[in-house]
Trainee: 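Here it is: the structure, laid out below.
Quick note: numbers below take in every heavy atom, side chains included, and nothing from hydrogens, waters or symmetry partners. As the structure is a computational prediction, the values presented were derived from the model and not from experiment. Quick note on labels: first sequence line is chain A, next is B, and so on, each numbered from 1.
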Amino acid sequence: MIRPLILLTLLAAPALAQTAPDQAVPAQTVPAQTAPARTAATDAAPGDAPVVQVLSWGGDFSAAQAATMARSFTAARAVEVRFADSDDPAGVVKTQVEAGNVTTDVASVGQGAAMRLCDEGDVLPIDPATLAPGADGQPAAQDFWPGTLSDCFVPTDIYATVIAYRTGAGAPPQTAADFFDLERFPGRRGLGRTPQFTLELALLADGVPPTEVYQVLATPEGVERAFARLDTIKDQTIWWEAGAQPIQLLADGEVTMAHAYNGRVFKAAQVDKLPLAILWDGQINEIEGWVIPKGAPRADLARDFVAHSTSPQELARFAAELPYGPPRLSAQALVDGFAAAGKPAMAPHLPTVPDNMKNALTVDPVFWAEHETQLRERFAAWLAAE
Amino acid sequence: MAALDPHAAVVAGASGAAPDVTAAPLTTADGRPLARALARSQARARRRAFLLVLPLLAFVIITFVIPIGQMLHRSMYNDGFAAHMPQVSAWFHENPPGTQPDETAFAALAADLKTAADDRTIGIVGTRINYDVPGTRSLFTSTGRKAKSGFQPPYQAALVEADPKWGDPQLWRAMRNASTAYTSNFYLAALDRTRDDQGKVVMAPERQQVYVMLFKRTLLLSLLITFTTFLLGFPIAHLLATLPARKSNLLMILVLLPFWTSLLVRTTAWMVLLQQQGVINDILVWLGIIDSNGRLQMIYNQMGTIIAMTHILLPFMILPLYSVMRTINPSYVRAARSLGATSWTAFRRVYFPLTLPGLGAGALLVFILAVGYYITPALVGGSTGQLISNMIAMHMTETLNWSMAAALAAILLGAVLVLYWIYDRLVGIDNLKLG
């Protein structure tokens, strides 16, 4: 009798000892603050006060969503918006739908994940006609960035993976190729330990125009070309795992240049006043947005929330809060109108302004859906080879 | 005998003349045979004891056995294709491997594609085939969109015209493989193997081979870390067990304090200490031991992984060792010394063997925890920081290939069970002392 018990204890030990960092934890809620909201909340029975449960990425991102689109939705509709955090909302949505226990009404996911969830029937279709028209009166379908709005996915923001570098140490790098030039720009480099963005950066630095990167990467020769480029800096590279790491590595002087998320660099440079700057050449941007899980308990309210929160005004309001570009053409000009007093003007820091878009690549979710497993295996084998 | 009910089991004749043991069986006061009464009362006690553990048992089954069982099932069962493409799957079952796909096959395929596209299950089908033939997911989704408006016969020509890839024999082989829900393909892939044109098992292309190497690295690293925790933990546990209570309590707090600190905090602390611009390098430069250009690389490589994981797992070694060492009577070693043993002999022949149950428990705990760790190696391990658990996590959360994750996890589980079995053979699980 004792043997199986010991075995069970041992097998369970890792699960108990290692806390999973990616579990969804309920985070801040947006309390119904305005007068009409209060009335509605008190009118309804305690259990059925209208609520929309949003699953988002946490941190500054959720906080900005809560402070902008969620607050104004609560004010306008007297519906409380509750946030839960996960660093893998798509995984949570898939798990909930497969388990038939959906508690999320709206989830923020990347475009690639949204495409997969949509193709596999895990999320509900959203009719573009229900979305707010552009600030110039264009219908929503024409106002969103071309190719970003899909059957079940409404974009909310565009963020970029950029080259961040320490300022004050010689001439600043000018192009993505400088990232791989250890002679002119000595010092170690920081890259994410993932083929995604890393292979694209290698090809951009190798002179492949953004429009052809994925065609090249779809061929075995293209993959070898990218790895050959990475070989030139492999022994000078520190591989990071989480988005906070490259900033820390740069701040500590462990690396002189690193691939990092533009929002993090912005915060480090503008708020924490660290000597960091962004090289926009070779930026790789990705789109995030809302999906509504199949079986969402309050799908109608969820649709209302999606429509409300993706109007050009709300998207611009959000972009004024965080340097994530609004994915609507007509929202771009509205951003600075929402800038709070004392805060830096956001427009020059957005990945979507023309100055920053000169040599920019937009991630192709279809490519990654098809080649991710293969390239991740190849990347792991490449990393392990001395 | 503890379960014997004293009221029911008054032995008949106990107060009378000396009982004749060989004659009539012993009976209780009310005349029932003693053996049966005893069995009944014991059964009742056992039932009561079982009811007590029932909640725990149910908990373990619901939270542990069932999920693991489901996961293991998933590693060899994936009906992503078979369930959503019934007609073409049926065609595969009727025709032996090697049959050229004919018009019937293409007609079945066209009909299935349309149904799957209408039901929004086409992505599942495409994903399943994409596991075997990378780059085919969009073939299914894009053809599915065209299929919604319907293909006209002849279907073979229509489909190949929609996308020439539909004529690819490799694609048809992959679809045949996927047409049965039960498959060994995920296990093959998890062992860097694949099937060739004839369906024979062969090694995957060399540049794609990664899992076997990661399994080996994970096991070796775990063994190494188990050994370093033993080297460092044994003297500490001995000190803890032999020092006077006040000092040993203080030491115990020092051992437990990091144990209560978050894993990520401890890992980050090691980064601050060990990195090239970190505390230790700064001190070494300040002392003039190393030159500022020759700063040591102590993290973002295997060394970082070993240091950080040894530190994190040390308490798991110290605590079982300590609990065993405390019960070892110091007079044994004194007796050995008085009989002429050197201190080394006394340690080797008397003290150390007595600590084995604690050592065994600690080693097993540390090893099994180390096998499953991935956050720490990923953060501090540099290019070598990828272990098999990272790949499992990747398949769970990023590529969403849960069958593959399950196959990798099942192999890891199997390897750990084999090691457990060997351990049982060598040391004996009954000698284990967990605390």
Trainee: Are any side-chain N or O atoms of A:Arg193 and backbone N or O atoms of B:Ser383, one a donor and one an acceptor, separated by less than 3.5 Å?
Mentor: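 Answer holds: no.
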
Trainee: Can you check whether A:Trp382 reaches B:Arg207 side chain to side chain, under 4.5 Å on heavy atoms?
Mentor: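 A:Trp382 vs B:Arg207: side chains apart.
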
Trainee: Under the ring-ring contact (aromatic ring centres under 6.0 Å, His included) test, which residues partner A:His371, sequence neighbours left out?
Mentor: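 For A:His371 the ring-ring contact (aromatic ring centres under 6.0 Å, His included) partners, ignoring immediate neighbours, are A:Phe367.
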
Trainee: Let me know if A:Gln248 has heavy atoms under 4.5 Å from chain B in its side chain, its backbone, both or neither.
Mentor: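 Neither part; nothing is under 4.5 Å.
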
Trainee: Heavy-atom cut-off 4.5 Å, strictly under: side chain, backbone, both or neither for A:Asp151 against chain B?
Mentor: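 Just its side chain gets close to chain B.
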
Trainee: For A:Leu249, which atoms come within 4.5 Å of any heavy atom of chain B: side chain, backbone, both, or neither?
Mentor: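 Contact with chain B is through the side chain of A:Leu249 alone.
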
Trainee: Where is the tightest heavy-atom contact between B:Met391 and A:Arg376, given as atom of each residue plus distance?
Mentor: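 What the structure gives for the nearest pair is CE-O, 4.4 Å.
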
Trainee: Run the salt-bridge test on A:Glu98 and B:Arg74 with the 4.0 Å N-O cut-off and return the result as yes or no.
Mentor: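 So A:Glu98 pairs with B:Arg74 through a salt bridge.
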
Trainee: Distance check, rounded to the nearest 0.5 Å: B:Thr121 atom OG1 versus A:Asp119 atom CG?
Mentor: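 Between B:Thr121 OG1 and A:Asp119 CG, I get 10.5 Å after rounding to 0.5 Å.
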
Trainee: Are the side chain of B:Gln208 and the backbone of A:Gln374 linked by a donor-acceptor contact shorter than 3.5 Å?
Mentor: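 At least one qualifying donor-acceptor pair exists.
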
Trainee: Once you round to the nearest 0.5 Å, how far does OH of B:Tyr300 lie from CD of A:Gln245?
Mentor: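 If we round to the nearest 0.5 Å, B:Tyr300:OH and A:Gln245:CD are 6.0 Å apart.
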
Trainee: Indicate the atoms forming the closest heavy-atom contact of A:Ala381 with B:Val210, along with that distance.
Mentor: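 Closest approach of A:Ala381 to B:Val210, heavy atoms only: N-CG2, 3.8 Å.
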
Trainee: Non-hydrogen contacts under 4.5 angstrom with chain B: give the residues of residues 219-232 of chain A involved, or none if there are none.
Mentor: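 From residues 219-232 of chain A, the residues near chain B are A:Glu224.
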
Trainee: With a 4.5 Å cut-off on side-chain heavy atoms, are B:Gln276 and A:Asp252 touching?
Mentor: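 Answer no - side chains too far apart.
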
Trainee: Is the side chain of A:Glu370 donor-acceptor paired with the backbone N or O of B:Ser138 at a distance under 3.5 Å, no angle test?
Mentor: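 Yes, because the side chain of A:Glu370 sits within donor-acceptor range (under 3.5 Å) of the backbone of B:Ser138.
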
Trainee: Give a yes or no on whether the backbone of A:Glu254 and the side-chain of B:Gln275 come within a donor-acceptor separation of less than 3.5 Å.
Mentor: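 Such a contact is absent between B:Gln275 side chain and A:Glu254 backbone.
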
